[in-house]
Amino acid sequence: VIVKFEVSSVWKKDLGRIVVLKEPYGSTEGLEKNSVWLVYASKSEDESLRFQRGCCSRTKPFSVASKQGDIKAFKKMREKRKKVIDVDGG
């Protein structure tokens, strides 16, 4: 299953406003259009981004993540987005 997300904040990776992620097990449960999620994603062998949900993942609906303290922890760790504004030499 391929899912498109609109990104509002990132931690370790500078991403575009829209990212396309693979859900490797084909589950769409809870992924309603316009729902808001805290997503933990990683690169696959083919360089595409993928995410997992379930008991071994911290990916979850934003409302659940807020109640469990994940959002507060995420805000402490996140990096500011970086944008190249000039390249000199090379």
Side-chain angles (χ1 to χ4, degrees):
V1 172
I2 304 295
V3 183
K4 275 187 189 177
F5 285 94
E6 181 177 357
V7 177
S8 63
S9 188
V10 297
W11 176 33
K12 287 186 174 183
K13 189 83 170 155
D14 194 16
L15 300 172
R17 193 174 137 260
I18 304 292
V19 294
V20 178
L21 302 175
K22 288 183 180 179
E23 203 288 336
Y25 302 109
S27 173
T28 59
E29 183 179 340
L31 293 173
E32 291 87 23
K33 188 174 181 177
N34 295 319
S35 59
V36 179
W37 285 72
L38 174 62
V39 176
Y40 289 80
S42 60
K43 276 191 179 178
S44 299
E45 290 177 11
D46 66 359
E47 296 295 310
S48 63
L49 290 173
R50 62 181 246 165
F51 72 108
Q52 294 181 354
R53 298 176 295 145
C55 63
C56 297
S57 173
R58 293 181 71 181
T59 294
K60 59 187 82 167
F62 190 86
S63 59
V64 174
S66 292
K67 290 176 188 171
Q68 295 178 349
D70 292 73
I71 302 303
K72 190 175 183 179
F74 172 79
K75 286 181 179 179
K76 275 183 153 179
M77 296 183 299
R78 78 173 181 203
E79 296 178 0
K80 299 293 182 193
R81 289 179 181 234
K82 298 168 187 75
K83 180 173 133 182
V84 175
I85 56 171
D86 190 22
V87 177
D88 189 20

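We count residues from 1, following the sequence as given. What you see is a predicted model, and the numbers here were worked out from it, not measured in a lab. Values below: every heavy atom of this structure, side chains too, minus hydrogens, waters and symmetry copies.
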Mind checking side-chain hydrogen bond (donor to acceptor under 3.5 Å, both in side chains) for Ser44 and listing every partner two or more places apart, or none if nothing turns up? none
Test side-chain contact (heavy atoms from CB on, under 4.5 Å) applied to Ala65 - qualifying residues, sequence neighbours left out: Leu38, Lys60, Asp70, Ile71
For Lys22, side-chain hydrogen bond (donor to acceptor under 3.5 Å, both in side chains) partners two or more places apart: Asp46
Minimum-distance pair of heavy atoms, taken over all atoms of Leu21 and Arg50: CD2-N, 4.3 Å
Hydrophobic cluster mates of Val20, side-chain heavy atoms under 4.5 angstrom, ILVMFWY only, any path? Ile2
Return all side-chain donor-acceptor pairs below 3.5 angstrom for residues 30-37, not counting sequence neighbours, or 'none' if the list is empty.
residue : atom : partner : partner atom : Å
Ser35   : OG   : Glu32   : O            : 2.6
Ser35   : OG   : Trp37   : NE1          : 3.1

Please write out which residues are connected to Val64 in a hydrophobic cluster, directly or through intermediates, given that two of Ile, Leu, Val, Met, Phe, Trp, Tyr count as joined at side-chain heavy-atom separations below 4.5 angstrom. none
Are Ile18 and Glu6 packed together at the side-chain level, in the sense that at least one heavy-atom pair is separated by less than 4.5 angstrom? yes
Looking at residues at least two apart in the chain, or sitting in another chain, which of them share a side-chain contact (heavy atoms from CB on, under 4.5 Å) with Glu29? Ser27
Of all heavy-atom pairs linking Val39 and Phe51, the shortest is CG1-CB, 3.8 Å
Please enumerate all residues that pass side-chain hydrogen bond (donor to acceptor under 3.5 Å, both in side chains) together with Ser66, with sequence neighbours excluded. none
